[in-house]
2 protein chains.
Amino acid sequence: MSESSTAVRNTRQRSAVSALLGEMEGFHSAQDLHAMLRQRGERVGLTTVYRTLQGLADAGEIDVMRPPGGEHLYRRCSEGHHHHLVCRVCGRTVEVAGPAVESWAERVAAQHGYADVSHTLEIFGTCPTCVR
Amino acid sequence: MSESSTAVRNTRQRSAVSALLGEMEGFHSAQDLHAMLRQRGERVGLTTVYRTLQGLADAGEIDVMRPPGGEHLYRRCSEGHHHHLVCRVCGRTVEVAGPAVESWAERVAAQHGYADVSHTLEIFGTCPTCVR
DNA sequence: GCGTTTTTGACAATCATTATCGTTACCACG
DNA sequence: CGTGGTAACGATAATGATTGTCAAAAACGC
């Protein structure tokens, strides 16, 4: 144990999860994704799906949303930082970018001496269709 | 049933929770608050604490934060809409107002035709003390 | 191939929150 | 000042997503 080799290994399961996310539109829960993988015949454990999603989220490759309902939703997202505008009725989601918000958050945090800043922002509303 | 009697009754328990929140600084979980009430000798059920907090939150009288840890935290907040800058190490919290963000969110939502807009925003960072 | 180390995965455990439902107590009205 | 209807309470059980466990399997460097 001389070196702390943080060797991340390439496994079939990891590829499967990653590939699935690449094909999916919209947000899905870990359990959803797990069910889809099984339907495809991929043999992946639920535990592994959770672990993989966490890893991808930490690496910034996927997006996590935590709706008030309580279930975590994952989605492969476009590169860079952005936020979501979610319909509270049908769940339709729009990706929105807010450079102004980013810099505002940075500035506010800096004013209070906070470092290493991140933030989460979700906008909820009723979409045109559901508004009728 | 001529009237929609949304009669909210005044109960000892509701007052107790409300009063406790009035004296507390910072965020506390429902279970925390419940434990404190018991220490004071107030006899309030955990279920009731949850219900009361939900009610107060719906009424906008208290503030709910959902940290990644998963536990909901409640706090009596100043009137009006605001957000929080939270130290991810020690939990120290600063209330921040962002009128620009409010209007930005409204505008973005309107552009996509979304109505009845609300949003959640939390800023995380490491506070000056913990940065050291 | 071989050994080492990560990763997997079935299952159990955790734990905050919610549902249940009989009981209690608030409050308007007479 | 009673009383009836109804909202609120509260002990307990249920829920359900997520995390821990640990033996077995798979990757990768050599």
For the ring pair B:H84 and B:F27, is the centre-to-centre distance below 6.0 Å? yes
Among the candidates D:dG10, C:dT17, D:dA17, find the nucleotide nearest to the side-chain atoms of B:V44. D:dG10
Of all residues at least two apart in sequence or in a different chain, which pass the side chain to side chain contact (heavy atoms under 4.5 Å, CB included) check with A:R92? A:C87, A:C90, A:C127, A:T129, B:Y114
Counting primed atoms, P, OP1 and OP2 as sugar-phosphate and everything else as base, the B/S/- map of nucleotides 19-30 of chain D against protein heavy atoms under 4.0 Å is BB-----BBS--
Separation of B:E71 atom CD from C:dT17 atom C1', in whole Å? 11 Å
Between C:dT24 atom C1' and B:R14 atom CZ, what is the distance in whole Å? 15 Å
Between P of D:dA17 and CG of A:L53, the distance in whole Å: 14 Å
Between A:R38 and B:Q31, name the one whose nearest nucleotide on DNA chain C is closer to the 5' end. A:R38
salt_bridge(B:R107, B:E102) N-O dist < 4.0 Å: no
When the ring centroid of B:H119 is compared with that of B:H81, is the distance short of 6.0 Å? yes
Rounding to an integer number of Å, can you tell me how far A:R66 CZ sits from C:dA16 C1'? 13 Å
When you check the phosphate oxygens OP1 and OP2 of C:dA16, does a side-chain N or O of B:H72 lie under 4.0 Å from one of them? no
Note: B:E122-B:R88 ion pair, threshold 4.0 Å (strictly below): no
Figure out the CZ/P separation between B:R43 and D:dG10, and round it to whole Å. 9 Å
Nearest whole angstrom, please: distance from the C1' of D:dG10 to the CG of B:L37. 14 Å
Are B:E25 and B:R76 within salt-bridge range, i.e. N to O under 4.0 Å? no
